[in-house]
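Protein chains get the first letters and strands the later ones, always in sequence-line order, with residue 1 at the start of each.
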Protein chains: 2
Amino acid sequence: MIGIIPDSPPRSRRGGPGQGGMRQALEIDLGRAEFFRGMSPGLFGRIRHLVQESHFERQKVLYFEGQPAEYLWVIGSGEVRLYKSSASGRVTTLEVLKPGEMFGAVSSLDQDHYTASAEGVSSGVAWRLPRPTVLKVIGEEPALAVDILVVTSRRLRDAHERLRSFATDAAPARLARALLRATREGQARVTRRALAEASGTTVETAIRVLRRFEREGLIAGKVGLVQVVDEPALLRVAGEV
Amino acid sequence: MIGIIPDSPPRSRRGGPGQGGMRQALEIDLGRAEFFRGMSPGLFGRIRHLVQESHFERQKVLYFEGQPAEYLWVIGSGEVRLYKSSASGRVTTLEVLKPGEMFGAVSSLDQDHYTASAEGVSSGVAWRLPRPTVLKVIGEEPALAVDILVVTSRRLRDAHERLRSFATDAAPARLARALLRATREGQARVTRRALAEASGTTVETAIRVLRRFEREGLIAGKVGLVQVVDEPALLRVAGEV
DNA sequence: AATCGGATATGATCGGGATCATACCGGACT
DNA sequence: AGTCCGGTATGATCCCGATCATATCCGATT
């Protein structure tokens, strides 16, 4: 009864751009999602009724850092971001997750509290499996850990590379990276704020830098939407030559 | 025959501070090290002769980022750091590993190239297990993946927290964190350069900030050694209240 | 003994980016 | 229809920290 995401009805005052759920029609079956896809049919059949389904909305928090890690989560549709807040109130986006991807797993394994917060980037559906079940399932089919391990390893690599970038790259390079990372098929549905929080800078700087990119013909911008016009140039700015 | 760390004899010109290997007398048995400790006795017995042992020296590179990931490594004694270099030549330390800890595993699982470089922080001994053996062993006892997963999860959490810190904290806070992280029993055997590379700043800034810490009575400094005098104050600077 | 290089130290300077302020726009709610 | 708020935009200002330069110290090498 986590009590945080009570399948609330459509929320209000959320005119934000580029959202709505119907846009990224991408959905996925539970059986093809991370963690579940590796289970034997028998095990899957036995535990699938323990999976809870919940809707979430844009900007709706699924859980906060520090709360008891009661579930392993998997996205059915929509997007979720993991983020951390600093004492001064600044927010840093750690990861943006898409349908089929799991989260909360890292915490639910050896940690009893979530170590980052999670909130909807769009509306969508999330499945969650109670932590005790997760542990029991892994104990039963340890090969599942390999699946989680592969996912976690990839994320660790990503985190390391971003760490390097944050430590040594200037704001334009970090922003170009964040932008490219958010881009699907030539366009990124993100606000300047989202890019700022994903690249460790401020909204104003993000706006200024993107305006410069725009004037230089690297991108074209609308509200909540960035069109990548000159990807090679962006890659160059990002330092990925 | 990786060819990089040919058990070279003692190296020269390396007057660096606080090193030498005999200082941190900490050693560990293979059987108690990460990855190996979780094996069944039978399996351990069968593969232990496949473990290669090699000495490394301070500043000696065990492998470079981008090279084929041929081994999973475990430290027997001494310390190793994982780091990344940027195009401009600046170096960022990702992790400093101690006896019993593994590395290279993340790469050797689903990646065929190392995604960071590794070099000795002190002299020491490293064991390495060829990647094909690693995969075979995990296939045989999948529960081993859980062990690696727990380690990888912890490191991912660390990386995320450092990411937040790099994104939002000022240099003094990041340096205080790096210092506290390197401290064992009230003192840290690190150069200003090492702290700078671990906290995403420059040597000059590290020196200036640490000098200020010193004048304010938070630390006491020698070459290659920092004594933590007022840990609570340092924690406050680090933003860990 | 002389030399060399790494570590520490400090000054001068510059600039990127944070901060603060203001303004406009457009969609959504009342 | 009017209000409100989030997103975008831009100017002014300030300062932290990077950069460049120089100097001292000391252990190790020649």
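- Between the C1' atom of C:dT8 and the CZ atom of B:Arg189 lies a distance of 18 Å, rounded to the nearest Å.
- B:Ala173 pairs by the side chain to side chain contact (heavy atoms under 4.5 Å, CB included) definition with B:Asp169, not counting sequence neighbours.
- In terms of the side chain to side chain contact (heavy atoms under 4.5 Å, CB included) criterion, residue partners of A:Asp29 (sequence neighbours excluded) are, by chain and number, A:Arg32.
- The CZ atom of B:Phe213 sits 15 Å away from the P atom of C:dT8 (whole-angstrom rounding).
- Computed from coordinates, the B:Arg192 CZ to C:dT10 C1' distance equals 14 Å when rounded to whole Å.
- Judged as a ring pair (Phe, Tyr, Trp, His ring centres under 6.0 Å), and not counting sequence neighbours, the contacts of B:Phe103 are B:Trp73.
- Dashed line: the shortest gap from a side-chain N or O of B:Thr191 to OP1 or OP2 of C:dG6 is not under 4.0 Å.
- The side chain of B:Ile207 sits closest to C:dA9 out of C:dG11, D:dG11, C:dA9.
- B:Arg174 places its CZ atom 12 Å from the C1' atom of D:dA18, with the value rounded to the nearest Å.
- In the helix from C:dA1-D:dT30 to C:dT30-D:dA1, the rotation axis of the first five pairs and that of the last five pairs differ in direction by 30°, rounded to 10 degrees.
- Under the salt bridge (charged side-chain N to carboxylate O under 4.0 Å, His left out) criterion, B:Arg192 pairs with no residue, sequence neighbours left out.
- In the set C:dT10, D:dG7, C:dC20, the nucleotide with an atom closest to the side chain of A:Arg193 is D:dG7.
- Between B:Leu210 atom CG and C:dA7 atom P there is a gap of 14 Å when expressed in whole angstrom units.
- Rounding to the nearest 0.5 Å places CZ of A:Arg81 at 8.0 Å from CD of A:Gln59.
- Set against D:dT10, D:dG7, D:dG17, the side chain of A:Arg215 has D:dT10 as its closest nucleotide.
- Residue A:Val223 has its side chain nearest to D:dG7 when only C:dC20, D:dG7, D:dG17 are considered.
- Using modelled atom types, one side-chain atom of B:Arg177 and one backbone atom of B:Ala238 make a donor-acceptor pair closer than 3.5 Å.
- When the P atom of C:dT22 is taken as reference, atom CD of A:Glu204 falls 14 Å away, rounded to whole Å.
- Within the 4.0 Å cut-off from OP1 or OP2 of C:dG17, not a single side-chain nitrogen or oxygen of A:Thr202 is found.
- Among residues two or more places apart in sequence or in another chain, the side chain to side chain donor-acceptor pair (under 3.5 Å) test is passed with B:Arg211 by B:Glu214.
- Counting to the nearest Å, the C1' atom of C:dG6 and the NZ atom of B:Lys222 are 19 Å from each other.
- Nearest to the side chain of A:Thr205, among C:dT8, C:dG17, D:dT8, sits C:dG17.
- Counting to the nearest Å, the P atom of C:dG6 and the CD atom of B:Gln59 are 8 Å from each other.
- If you check every strand for non-hydrogen atoms under 4.0 Å, B:Arg211 touches sugar and phosphate atoms only.
- When distances are taken from the side chain of B:Arg208 to each of C:dA12, C:dT8, D:dT10, the shortest belongs to C:dA12.
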